[in-house]
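Reading through the structure tokens given below for one structure.
Quick caveat: nothing in here was measured; it's all calculated off a predicted structure. Here is the naming used below: chain letters follow the sequence lines, and residue numbers restart at 1 for every chain.
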2 protein chains.
Amino acid sequence: MPQPSAPRRAPGRPPRISREEVIEAARRIVAEEGVDRLTMRRLATEIGSTPMALYHHVRNKEELLVLLLDDYTERTLRRPELPAEPRERIVVAASTIHEALAACPWIVEVLTADDLMSTAALWFVEQIVDGLVVCGLSPERAVQGYRAIWYYTAGEIVVRTSAARRRTGDDRPTYREQVFAALDPGDLPRLAQVADRWAPLTAEDTYRDGLRALVDGLLTPR
Amino acid sequence: MPQPSAPRRAPGRPPRISREEVIEAARRIVAEEGVDRLTMRRLATEIGSTPMALYHHVRNKEELLVLLLDDYTERTLRRPELPAEPRERIVVAASTIHEALAACPWIVEVLTADDLMSTAALWFVEQIVDGLVVCGLSPERAVQGYRAIWYYTAGEIVVRTSAARRRTGDDRPTYREQVFAALDPGDLPRLAQVADRWAPLTAEDTYRDGLRALVDGLLTPR
DNA sequence: ACCTGAACACCGTTCAAGT
DNA sequence: ACCTGAACACCGTTCAAGT
């Protein structure tokens, strides 16, 4: 995270809380109670201060969430040994990002961005872009390839975590279940054919399979 | 949309507002003022009623949003002539869904689901699954292939529309710009190499290119 | 420079009562 | 059956003042 300003020790009231302390408290709240409970007011009481004090350390709530994601990736995304073979390197790099994000469902609130990739994640982006270039893509095509991978990855996370959120604490049939139960086999024969297997099929984790397909497709000359 | 109950005309006070009226008013607000302005209170005043009257016609705000998406797809997603060639049929079907959703950015609030596909969109899903089966995939693999396409599509929409939201009314450098400006070319050479072209590159619409790559990859025997 | 208190302008939803 | 009024339990953020 680029620091917004050097810590000029100058006249004025000495700070009682720091940006780090704010982020740490926010992390604690999110870990123990979920993102929904992370409010400026709740955060203020958590650190024994007032809502407005927070605004001296973060611009607003959105920035707080970005900082939180950055903090999270910084402490969980370790640079692993990657395979030398470039195609496999791409798959492992993307999967590592995916795994880290999948493990923190609150990410969805923040994730929806193309310029929100944290500093810690950039090394993985580098590996993906480089892998694509080594396989013969131009730098421009490689960036576009990375973006396709990012769309796929972000989409998987967003769709899966919000599906999970919807499942909890509700035994009414889902909207999809209602729709699938009323499916017209004459109009939609393929869907009718798999209707009863849809739930288990969509519950399977097929991220890597789809990722491999996408990477293969990106590397197939056309 | 499966109706929750038949319209039993029975004793009791005659209804003054209908579910359709509620949805119509909601559509109007979203179209003219954006999703952010769609609140139960605002909606109530729009139809000249009280917030609580709405809860007799929709379960809660989430259901309202789902109904709104269903309504939207119902009136915009027309079944087009699709190419006979299955691979091309898949691409056109997915692109049609993508185009419809891309044109209504408020979708992001609702979209984040795997079981939220509206009835009107199911025909397109059928075409995609069928296309994949015709190309030789098993029904199970075809469903998984469709899901990969849906992840990619949803991800593109979510990432792009929230990037757009962030751009509006703010001339400060974005977080990404700050990060890219401070990039270490020794550590991340590929990213440093394209750093100055990143913005225009990510602004390009490459949905179809990525989609074709994904479909090609899904259909490549492995 | 940093923090506080009070206020502004809102939310979604529940409850009890009315017609 | 459908609608209303009042209330509950909150939000993020601004402003003016204090230390």
Between [Y] and [X], is there a salt bridge with N-O shorter than 4.0 Å?
| X | Y | result |
| --- | --- | --- |
| Glu32(B) | Arg28(B) | no |
| Glu46(A) | Arg42(A) | yes |
| Asp187(A) | Arg79(B) | yes |

>> Ignoring hydrogens, what is the shortest heavy-atom contact between Arg27(A) and Asp71(A)? Give both atom names and the distance.
In response: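 Where Arg27(A) meets Asp71(A) most closely, the heavy atoms are NH1-OD2, 3.0 Å.
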Which pairs, protein N/O on one side and nucleotides 9-13 of chain D N/O on the other, fall under 3.5 Å?
from	atom 1	to	atom 2	distance (Å)
dC11(D)	OP1	Thr39(A)	OG1	3.2
dC11(D)	N4	Arg41(A)	NH2	3.4
dG12(D)	OP1	Lys61(A)	NZ	3.0
dG12(D)	OP2	Met40(A)	N	3.1
dG12(D)	N7	Arg41(A)	NE	3.1
dG12(D)	N7	Arg41(A)	NH2	2.7
dG12(D)	O6	Arg41(A)	NH2	2.2
dT13(D)	OP2	Tyr55(A)	OH	2.6
dT13(D)	OP2	Lys61(A)	N	3.3
dT13(D)	O5'	Tyr55(A)	OH	3.4

Interatomic distance, [X] [atom1] vs [N] [atom2] [rounded to whole Å]:
| X | N | atom1 | atom2 | value |
| --- | --- | --- | --- | --- |
| Arg19(B) | dC2(D) | CZ | P | 12 Å |
| Leu43(A) | dC3(C) | CG | P | 13 Å |
| Leu54(A) | dC2(C) | CG | C1' | 12 Å |

>> Are there runs of at least three consecutive Watson-Crick or G-U pairs touching DNA chain C, with each pair's two distances under 3.5 angstrom? Give them by first number.
In response: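 DNA chain C stems, ordered by first number: C:4-8 with D:12-16, C:12-16 with D:4-8.
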>> Work out how far the C1' atom of dC3(D) is from that of dA16(C), and round it to whole angstrom.
In response: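 Result for the C1' pair: 13 Å, nearest Å.
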> Given the C1' atoms of dA9(C) and dC10(D), what is the spacing between them in whole Å?
Replying inline: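 These two C1' atoms come out 13 Å apart once rounded.
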> More than 12 non-hydrogen atoms from neighbouring residues, nucleotides or ligands closer than 6.0 Å to CZ on Arg37(B), yes or no?
Replying inline: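 No, CZ of Arg37(B) has 12 or fewer neighbouring heavy atoms, counting only those of other groups under 6.0 Å.
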>> When you measure from the side-chain N and O atoms of His57(A) to the phosphate of dC3(C), is any distance below 4.0 Å, counting only OP1 and OP2?
In response: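 Checking His57(A) against dC3(C): at least one side-chain N or O falls below 4.0 Å of OP1 or OP2.
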Sequence neighbours left out, cut at 3.5 Å: what donor-acceptor pairs do the side chains of residues 96-107 of chain B make with other protein atoms?
from	atom 1	to	atom 2	distance (Å)
Thr96(B)	OG1	Val92(B)	O	2.7
His98(B)	NE2	Glu156(B)	OE1	2.7

> What orientation do Tyr207(B) and Tyr152(B) show, parallel under 30°, tilted 30 to 60°, or perpendicular over 60°?
Replying inline: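 Ring orientation, 0 to 90° scale: parallel.
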>> Is it the case that the side chain of Asp70(A) and the backbone of Thr73(A) share a donor-acceptor pair, with hydrogens and angles ignored and the cut-off at 3.5 Å?
In response: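 Such a contact is absent between Asp70(A) side chain and Thr73(A) backbone.
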